[in-house]
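Since this is a predicted model, take the numbers as computed values, not measurements. The chains referred to below are lettered A, B, ... by the order of the sequence lines, with proteins before strands, and numbering in each begins at 1.
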Amino acid sequence: MQTIDLGTTALRELNASLHAQAADTNQTAWEIVNPRGSHAVAVGLDAPIEVYVKGSTGYYTAGMNKQATVHVHGSAGPGVAENMISGTVIVDGDASQYAGATGHGGTLVIKGNASSRCGISMKGIDIVVHGNVGHMSAFMAQSGNLVVCGDAGEALGDSIYEARLFVRGSVKSLGADCIEKEMRPEHLEILRDLLERGGCDARPEEFRRYGSARQLYNFNIDNAY
Amino acid sequence: MTMKDTKHDGPPRTPPRQSATFTQDVNAEIRRAAATGIYDIRGGGAKRKVPHFDDLLFLGASISRYPLEGYRERCGTDVTLGTRHAKNPIKLDIPVTIAGMSFGALSGAAKEALGRGASAAGTSTTTGDGGMTQEERGHSSKLVYQYLPSRYGMNPDDLRKADAIEVVVGQGAKPGGGGMLLGQKISDRVAQMRNLPQGIDQRSACRHPDWTGPDDLEIKILELREITGWKVPIYIKVGGARPYFDTTLAIKAGADVVVLDGMQGGTAATQDVFIEHVGQPILACIRESVRALQDMNMHREVQLIVSGGIRSGADVAKCMALGADAVAIGTAALIALGDNDPRWEEEYQKLGTTAGAYDDWHEGRDPAGITTQDPELAARFDPIEGGRRLNNFLKVMTLEAQTIARACGKNHLHNLEPEDLCAITMEAAAMAKVPLAGTDWWPGKPGTGF
Ligand SMILES: Cc1cc2nc3c(=O)[nH]c(=O)nc-3n(C[C@H](O)[C@H](O)[C@H](O)COP(=O)(O)O)c2cc1C
């Protein structure tokens with residue numbers, strides 16, 4: 001295990017060391033200590049390495065991640081795993097706004113709660129939140145899955161496209177064009193797998209599914225505000 | 001003429017008089033709105049007349065100024081962008097760049113032609129909403145990758161292939177607005193790049209999904225720099241809304257280059273009411289942006305690229321004299337490629353329009369095959385010929401700008417200055433802060449009591 005102390009090492013040096021790891025690196029485990037809320041920690045990784053961040057981070061942790069597993073042993077600031085392409089990001093604590101924003105792939109697991117706009121504009125990422133999500137989550141969500149084991153705030157899935165939303169608790173309100181949909185066996189299967197990958201012991205049958213009514217798909221005056 | 005000479009009996013009549021307020025155009029739009037219940041969407045920039053570069057003139061050399069010999073004496077045109085933070089600033093041979101236009105709005109071949117023409121002329125081209133295409137990367141020696149609110153097609157691999165990154169906050173045609181690409185243009189390939197179902201109307205968000213204010217933007221830029229190893233310049237593009245404050249905040253957020261786009265700037269598709277009624281003319285924006293750069297001690301350290309209605313070398317020279325480091329062209333580049341060419345007049349007529357006025361680019365039926373995803377129409381456009389024409393046009397613009405600079409005694413386009421200009425209207429004098437022709441005064445000149 002390589003250890004990098006952000007108390008004494010510059011962010012640039014940390015990210016440069018992580019970027020230098022190729023697909024066949026044998027330095028596969030990295031520990032980052034003293035992150036102290038730093039922004040842009042472990043961003044743009046592109047190798048099958050594991051990075052353990054021992055503490056809480058600032059904005060855009062593991063942004064644009066590919067292949068790597070980044071595990072934050074603390075809470076993460078806004079935009080954790082934004083635009084992730086592949087790999088896994090795990091946050092033991094809470095995540096601030098825009099968690100998983102525009103993510104194209106990979107898995108984001110938040111063991112605490114996520115704030116507003118979780119999964120905004122998501123494009124294929126899978127997000128599993130053990131707790132609650134804030135308002136406007138999955139806004140303009142294009143594809144992928146958002147699993148919320150707790151409750152969802154106002155305007156869930158506003159202007160949603162083809163993403164699937166699964167919520168176990170209450171939904172304060174649904175956003176424009178987002179409706180509850182039938183949970184069919186294939187959805188239970190997908191959800192079972194997501195819960196397993198997210199380390200949740202909830203049962204798929206306890207969830208409801210939400211998605212697009214597809215009424216906003218073609219420009220129509222009745223849809224314009 | 002006596003009454004007896006007229007065909008009418010009785011007293012003289014008032015001839016029919018059209019209203020200057022309810023013009024034929026206005027009434028036609030009211031009828032169109034009443035019939036359809038939907039606002040007009042179109043491409044292009046503001047069509048109304050606003051104070052523009054035509055309202056400025058160069059003074060030229062005289063006894064007190066010494067001109068340079070045309071064609072013979074050196075007049076430099078090169079520009080380096082991104083000197084503030086980037087390890088690899090962009091070096092261009094000419095200060096005219098190609099503005100961001102999306103694949104989706106334009107065909108793959110049109111993007112290729114832009115790359116070919118720009119590369120031959122020694123300048124850069126820019127991606128757009130919808131991501132980076134191979135045609136464009138492959139044919140552009142210098143490619144600027146746009147980072148837009150929609151993040152369609154955004155990925156770290158393309159980010160690292162880019163020679164610069166342009167964070168798009170706004171566009172001159174629609175400051176405060178998002179984009180739209182209507183279903184007709186969502187081919188399989190466009191749909192796949194944007195990760196959306198084929199054939200649906202796509203909206204591009206007007207706000208970035210993961211930052212809101214200038215403090216967040218600063219952190220976003222840090223992230224982009226960390227991902228790309230601080231190698232490439234980061235531009236921030238803003239529409240001509242509040243140029244002094246937007247420029248100040250862009251510099252504060254860490255921009256290497258500010259791209260400022262005035263209201264005449266083209267767009268692929270937006271509401272006509274937005275294009276015509278929101279934003280300031282580029283002429284009114286440049287000096288304010290330069291003032292912000294100067295107040296921050298960043299003029300020439302952070303470069304300024306301006307766009308919106310730039311058509312010729314004279315426009316380029318005027319922008320540079322007002323303090324810009326380079327310009328960007330969108331509409332003029334499309335026209336150089338063959339957009340709105342009278343050779344397609346018969347087909348424009350069939351679409352209910354005429355060459356020069358065709359702006360329904362969002363419908364994807366462009367007779368010139370440029371703003372379309374229809375394979376048959378797109379096949380009409382030859383990217384090699386298009387590239388050749390664009391290169392020619394860029395060369396002419398550069399030669400024209402040099403001609404003016406030499407006449408003003410300048411051995412580099414960057415040495416042009418406001419002192420070389422006068423304005424022929426009060427409005428232009430006030431906006432460009434150069435003297436009204438024949439006077440040493442402009443409205444708002446410090447110390448003149450206005
Ligand atoms: C067809 C078309 C597509 C455009 N697409 C984009 C885009 O994707 N992103 C962007 O920032 N600006 C876009 N623009 C605006 C241009 O980048 C630029 O600001 C504008 O065209 C400059 O003004 P001009 O057209 O008068 O030269 C587009 C413009 C046109 C004409």
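To the nearest 0.5 Å, the span separating NZ on A:Lys66 from CG on B:Asn155 amounts to 7.0 Å. We find the CD1-CG distance between A:Ile120 and B:Asp210 to be 8.0 Å, quoted to the nearest 0.5 Å. The distance from the CG atom of A:Asn15 to the CZ atom of B:Arg225 is 14.5 Å, given to the nearest 0.5 Å. To the nearest 0.5 Å, atom CG of residue B:Leu196 and atom CD of residue A:Glu162 are 8.5 Å apart. Rounding to the nearest 0.5 angstrom, the gap separating the OG atom in A:Ser38 from the CD1 atom in B:Ile219 is 11.0 Å.
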Quick one: do A:Asn83 and B:Arg151 satisfy side chain to side chain contact (heavy atoms under 4.5 Å, CB included)? Show the steps, please. CA-CA 8 Å; A:Asn83 212 78; B:Arg151 309 281 165 86; 4.2 Å; yes
task = Dump the intermediate steps for side chain to side chain contact (heavy atoms under 4.5 Å, CB included) on A:His39 and B:Glu223, then the final yes or no.
result = CA-CA 8 Å; A:His39 306 310; B:Glu223 183 203 8; over 6 Å; no
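The number of heavy atoms from other shown groups lying within 6.0 Å of NZ (B:Lys87) is above 12. Surrounding CZ of A:Arg12 are more than 12 heavy atoms belonging to other residues, nucleotides or ligands, all under 6.0 Å away. Around atom CD of B:Gln192, no more than 12 heavy atoms belonging to other residues, nucleotides or ligands sit under 6.0 Å away. Other residues, nucleotides and ligands contribute over 12 non-hydrogen atoms within 6.0 Å of the NZ atom of A:Lys181.
Side-chain contact between B:Met154 and A:Lys123 is absent, with no heavy-atom pair separated by less than 4.5 Å. Taking 4.5 Å as the limit, every side-chain heavy atom of A:Tyr98 sits out of range of all side-chain heavy atoms of B:Pro209. Proximity of B:Asp201 to A:Leu216: side-chain heavy atoms (C-beta onward) are nowhere separated by under 4.5 Å. Contact of the A:Met64 side chain with the B:Leu224 side chain is registered, since non-hydrogen atoms from C-beta on lie closer than 4.5 Å.
Identified by a heavy-atom distance below 4.5 Å to chain B, the contributing residues of residues 128-148 of chain A are A:Met140, A:Gln142, A:Ser143, in residue-number order. Scanning residues 157-165 of chain B against chain A with a 4.5 Å non-hydrogen threshold yields B:Asp157, B:Leu159, B:Arg160, sorted by number.
Proximity to chain B is limited to the side chain of A:Tyr161, based on heavy atoms less than 4.5 angstrom apart. For A:Leu11, the parts lying near chain B are the backbone and the side chain together; criterion is any non-hydrogen pair under 4.5 Å. Contacts between A:Arg117 and chain B at a heavy-atom distance below 4.5 Å involve the side chain alone, from C-beta outward. If you measure heavy-atom distances from A:Gln97 to chain B, you find no contacts under 4.5 Å at all. Contacts between A:Ala101 and chain B at a heavy-atom distance below 4.5 Å involve the side chain alone, from C-beta outward.
B:Ser150 and A:Ser121 get closest at one heavy-atom pair: O-OG, 4.4 Å.
Between the side chains of B:Asp216 and A:Tyr59, at least one donor-acceptor pair of N or O atoms lies under 3.5 Å.
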Could you pull out all donor-acceptor pairs under 3.5 Å where a side-chain atom in residues 40-53 of chain A meets a protein atom, sequence neighbours excluded?
unit_1  : atom_1 : unit_2  : atom_2 : d
A:Asp46 : OD1    : A:Gln67 : NE2    : 2.8
A:Glu50 : OE1    : A:Tyr52 : OH     : 2.5

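Looking at residues two or more places apart in sequence or on another chain, you find no salt bridge (charged side-chain N to carboxylate O under 4.0 Å, His left out) involving A:Arg36.
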